[in-house]
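The chains referred to below are lettered A, B, ... by the order of the sequence lines, with proteins before strands, and numbering in each begins at 1.
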Amino acid sequence: MNEDPIRLTEKQKRARRSRSVAIALGLAVLVIIFYIVTIVRIGPNMFQSPV
Amino acid sequence: MTTPMALIDGNGLGASAARLSEATAGDFLVLMKPRVMSLVVFTAFVGMAAAPAMPHPVIAAVAVLAIAVGAGASGALNMWYDADIDRLMRRTKSRPIPSGRVEPEQALAFGMVLAALSVGTLGVLVNWVAGALLAFTIFFYAVVYTMWLKRRTPQNIVIGGAAGAFPPVVGWAAATGSISLESVILFGIIFLWTPPHFWALALFKTDEYGRAGVPMMPNVAGLASTRRQIFAYALVVAPFAVLPWALGFTTALYGLGAALLGVVFVWHAWRVLRMGEGREMAPAKALFGFSLVYLFAVFALYLADAALTPLLAGTP
């Protein structure tokens, strides 16, 4: 009863994997960029906030 | 025996709904028009490097990346909308949508997501003047040029050329947060260069554009008129590209180089003007090829000038 009615061909599986890897890489790059730019932007002021 | 297809049909799903994508990440990369992107990245970088204040290298890299992705978004939206005419032209029929590798809806979603991400990233991480300009550039290319002008008027690439001319302005804005006369002149160089560049291509692709119903200048006004207009634009863009030197924005290194390149550009346009009505299109192909070299060389000179001037003056 749990059988998936749609079976992907090998080509479709490879294509889906390629898209998934690309999306994962894209998201990772976006996160890293936001992290690094945040450090760059607040970096010099990080230790100058009033105590 | 129940086959997968029968199960799908039994659930009321049509053939198109059951169609599963075989699009790879590479197909989506092609949707972004990487070659156009490379020119966009280069001109945007020159705009940024020529600005009086260079941002932090990380910010500059993020700005260039966001502008590149924004250009890719424009390309994807253009391919989504133009899939019907792309399949009629030899030059474009193997693109991902006409060849069936990517569904139009996938390209639309991809383009919209990239547009939102690139504009948002540029705005939040660099500044919102650059972000707004990038958003306007994408809108101009996808809506004003692709949807509105391209199929309606032979002036399509004249006005639409503004979209390709914006990147140095966006780059300048990313560095300074503003627009200046210097960045507007860089815009003008690409804007005035676009018609002779594309009309040279259209001269030897007249049949294809005609078959697709795109009213390019040679199809509407004829070959002779197009050749005259190409020459007229060449006469305008060549001296215009020397303006930055005349106005004191660059040294003679750029000015003389741009002048020399302009002379060669006008010479190629002159050969196009003088070529016969026959099928021999060598001068048009030569102009098309040189026009790419011309734009790249002019901007490379601008970059070299911007980089060398402080060194020569002893003020890094």
Side-chain angles (χ1 to χ4, degrees), chain A, chain B residues 1-13 15 17-32 55-66 68-69 72-73 96 100-103 106-107 109-110 113-114 116-127 174:
Chain A
M1 289 301 286
N2 290 330
E3 190 185 3
D4 185 352
I6 300 174
R7 288 198 190 90
L8 298 180
T9 64
E10 277 309 309
K11 193 174 181 187
Q12 287 164 344
K13 282 182 188 169
R14 278 200 306 276
R16 186 174 65 176
R17 182 173 169 75
S18 140
R19 296 196 301 271
S20 301
V21 169
I23 292 170
L25 283 176
L27 285 174
V29 167
L30 198 64
V31 169
I32 292 167
I33 283 174
F34 270 78
Y35 180 78
I36 292 176
V37 172
T38 304
I39 299 295
V40 166
R41 279 203 176 278
I42 67 171
N45 305 321
M46 197 183 287
F47 305 107
Q48 292 171 10
S49 56
V51 181
Chain B
M1 185 180 162
T2 308
T3 64
M5 212 55 222
L7 275 172
I8 292 163
D9 289 339
N11 287 338
L13 290 173
R19 198 161 162 188
L20 295 164
S21 181
E22 291 183 352
T24 63
D27 292 323
F28 285 92
L29 188 67
V30 174
L31 280 180
M32 297 172 76
H56 187 284
V58 171
I59 306 285
V62 169
V64 168
L65 183 67
V69 173
R101 301 197 303 278
V102 172
E103 294 296 314
Q106 289 179 307
F110 182 63
V113 168
L114 287 191
L117 278 178
S118 60
V119 170
T121 302
L122 192 61
V124 170
L125 299 186
V126 183
N127 67 61

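Within the 4.5 angstrom heavy-atom criterion, only side-chain atoms of B:Leu65, from C-beta onward, approach chain A. A:Ile23 does not touch chain B: none of its heavy atoms, backbone or side chain, sits under 4.5 Å away. Looking at B:Ile59, the atoms closer than 4.5 Å to chain A (heavy atoms on both sides) all sit in the side chain, from C-beta outward. For A:Thr9, the part lying near chain B is the side chain, with the backbone staying farther off; criterion is any non-hydrogen pair under 4.5 Å.
Minimum heavy-atom separation, A:Arg41 to B:Val126: NH2-O, 2.9 Å. The two residues A:Ala22 and B:Ala25 have their closest heavy-atom pair at CB-CB, 3.6 Å.
Taking CD of B:Glu22 as the reference point, atom NZ of A:Lys11 lies at 4.5 Å (rounded to 0.5 Å).
No donor-acceptor pair closer than 3.5 Å links the side chain of B:Thr24 to the backbone N or O of A:Ser18.
Remark: A:Arg16 CZ is loosely packed, at most 12 non-hydrogen atoms of other residues, nucleotides or ligands lying under 6.0 Å away.
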